[in-house]
Amino acid sequence: MKKIVFLIWALVFSLISYGQNRISLSDAATVDLPARMQKINHEDALSFAGKQFNNEPLIMRSIAKRKMEGVYRAGNLLMFLHYDNKSSTEGHLAQLKKGFDEWHYRDSTYSAKLENINGNDILIINYVTGNVSNFSFFLYNAKYTRALTGVLEFNETDKADASSILNHILQTVLLKD
């Protein structure tokens with residue numbers, strides 16, 4: 001009987017996790033990446049961005065300066081993730097949004113929204129730099145004791161794919177309290 005229960009549990013688990021890649025960003029942060037998402041190094045990200053985004057100067061400088069530990073690629077999209085155990089106060093994301101709104105007030109490509117997904121508070125920003133589209137997010141757990149930030153860069157023609165990946169990431173992030 002125990003063997004049957006174990007086999008059923010193993011089958012259910014494998015079906016649930018099929019096509020996903022659960023990664024650990026720290027002992028307190030995990031996320032499911034789509035199966036086609038591959039970890040790459042910083043140099044490969046720069047090389048890919050140079051080719052994919054036609055060496056867009058602002059994007060290339062931005063990528064060169066990033067110190068994010070998680071660099072990933074899926075198709076024509078780059079994603080950078082950074083976990084931080086710094087704490088903040090409730091209302092921080094609303095203030096951050098206000099600052100971004102003021103900074104981008106003339107940018108017709110800019111949009112920002114605050115969301116709560118699975119108990120995490122999130123600020124999601126979308127804008128275009130040159131010919132490169134960007135989703136950035138700032139995510140805090142319910143107690144504002146842990147944070148995950150991310151950037152997805154892509155061509156506008158890949159926005160539906162980028163949106164799908166972003167939604168998948170935000171739905172599967174687990175930050176311990």
Side-chain angles (χ1 to χ4, degrees), residues 5-49 52-53 59 62-93 96-97 112-126 132-154 158-177:
V5 170
F6 175 76
L7 289 173
I8 291 172
W9 180 85
L11 178 63
V12 169
F13 179 77
S14 67
L15 290 174
I16 290 171
S17 62
Y18 176 75
Q20 297 178 359
N21 181 18
R22 188 111 190 125
I23 62 163
S24 176
L25 298 168
S26 78
D27 61 341
T30 60
V31 63
D32 284 341
L33 298 179
R36 62 192 177 92
M37 180 111 0
Q38 297 176 340
K39 186 172 177 90
I40 61 173
N41 64 38
H42 201 250
E43 292 76 29
D44 289 342
L46 281 168
S47 175
F48 171 79
Q52 184 66 28
F53 307 136
I59 297 300
S62 176
I63 292 171
K65 291 179 182 179
R66 289 187 191 141
K67 301 295 183 209
M68 296 182 171
E69 61 274 3
V71 183
Y72 303 89
R73 178 180 168 201
N76 296 326
L77 175 140
L78 277 178
M79 181 175 74
F80 300 83
L81 296 175
H82 177 72
Y83 165 76
D84 200 338
N85 64 352
K86 68 177 180 180
S87 61
S88 191
T89 58
E90 194 170 340
H92 171 72
L93 291 178
L96 193 58
K97 181 184 179 304
K113 62 183 176 178
L114 293 167
E115 290 191 17
N116 183 290
I117 300 174
N118 298 327
N120 296 317
D121 287 338
I122 308 163
L123 170 60
I124 303 167
I125 299 169
N126 178 228
V132 181
S133 295
N134 175 300
F135 282 125
S136 296
F137 68 87
F138 304 84
L139 181 147
Y140 280 90
N141 64 354
K143 293 182 180 180
Y144 278 74
T145 55
R146 302 187 190 277
L148 179 68
T149 57
V151 177
L152 287 82
E153 290 167 324
F154 52 93
D158 297 309
K159 189 170 186 174
D161 190 32
S163 294
S164 175
I165 290 171
L166 176 66
N167 289 330
H168 181 87
I169 299 297
L170 298 179
Q171 290 288 336
T172 63
V173 169
L174 291 175
L175 298 179
K176 293 180 181 175
D177 283 333

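Since this is a predicted model, take the numbers as computed values, not measurements.
Using modelled atom types, no side-chain atom of D32 and backbone atom of V173 make a donor-acceptor pair closer than 3.5 Å. A donor-acceptor distance shorter than 3.5 angstrom exists from the side chain of H42 to the backbone of I63, with no hydrogens or angles considered. Judged purely by atom type and a 3.5 angstrom limit, S47 has no side-chain atom pairing as donor or acceptor with the backbone of E43. Between the side chain of R73 and the backbone N or O of G75, at least one donor-acceptor pair lies under 3.5 Å.
Within the 4.5 Å cutoff, the side chain of E115 has heavy atoms near those of the I124 side chain. In this structure the side chain of E153 reaches within 4.5 angstrom of the side chain of F80, judged on heavy atoms. The side-chain heavy atoms of L77 and F135, taken from C-beta on, include no pair separated by under 4.5 Å. Here the side chains of P34 and I169 are in contact, with some heavy-atom distance below 4.5 Å. Residues L170 and N120 have side chains not in contact (no heavy-atom distance under 4.5 Å, counting atoms from C-beta outward). Looking only at side-chain heavy atoms (C-beta outward), F138 and L96 come within less than 4.5 Å of each other.
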Begin from the C-alpha positions of L174 and R22 and carry the test side chain to side chain contact (heavy atoms under 4.5 Å, CB included) through to its verdict. CA-CA 10 Å; L174 291 175; R22 188 111 190 125; 2.8 Å; yes
Could you walk me through whether V71 and R66 pass the side chain to side chain contact (heavy atoms under 4.5 Å, CB included) test, one step at a time? CA-CA 10 Å; V71 183; R66 289 187 191 141; over 6 Å; no
Using the rule given for side chain to side chain contact (heavy atoms under 4.5 Å, CB included), can you reason through Q52 versus L78, listing the C-alpha separation, both sets of side-chain angles and the distance that settles it, and then say yes or no? CA-CA 10 Å; Q52 184 66 28; L78 277 178; over 6 Å; no
Yes or no on side chain to side chain contact (heavy atoms under 4.5 Å, CB included) for Y72 and L33, after CA distance, side-chain angles and deciding distance? CA-CA 9 Å; Y72 303 89; L33 298 179; 3.4 Å; yes
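No more than 12 heavy atoms of other residues, nucleotides or ligands sit less than 6.0 Å from atom NZ of K176.
Interatomic distance, S88 OG to L93 CG, rounded to the nearest 0.5 Å: 7.0 Å. Here the OH-CZ distance, from Y83 to R146, works out to 4.0 Å after rounding to the nearest 0.5 Å. Atom CG in D158 sits 4.5 Å away from atom CG in N76 (nearest 0.5 Å). Distance CG/N85 to OG1/T145: 9.0 Å, rounded to 0.5 Å.
Closest approach of G150 to L81, counting heavy atoms only: CA-CD2, 4.2 Å. Taking each heavy atom of G91 and Y144 in turn, the nearest pair found is N-OH, 4.3 Å. Shortest non-hydrogen contact noted between A74 and I165 is CB-CD1, 4.0 Å. Across L175 and A29, no two heavy atoms sit closer than the pair CD2-CB, 3.4 Å. Shortest non-hydrogen contact noted between K97 and A112 is CE-O, 3.5 Å. A pairwise comparison of heavy atoms in K39 and G70 identifies NZ-CA, 3.8 Å as the closest pair.
Residue L25 forms a side-chain contact (heavy atoms from CB on, under 4.5 Å) with just one option from T30, L148, D84, and that option is L148.
Residues Y140 and H92 place their aromatic rings such that the two centres sit under 6.0 Å apart.
For N116 and D121, the side-chain atoms include at least one donor-acceptor pair closer than 3.5 Å.
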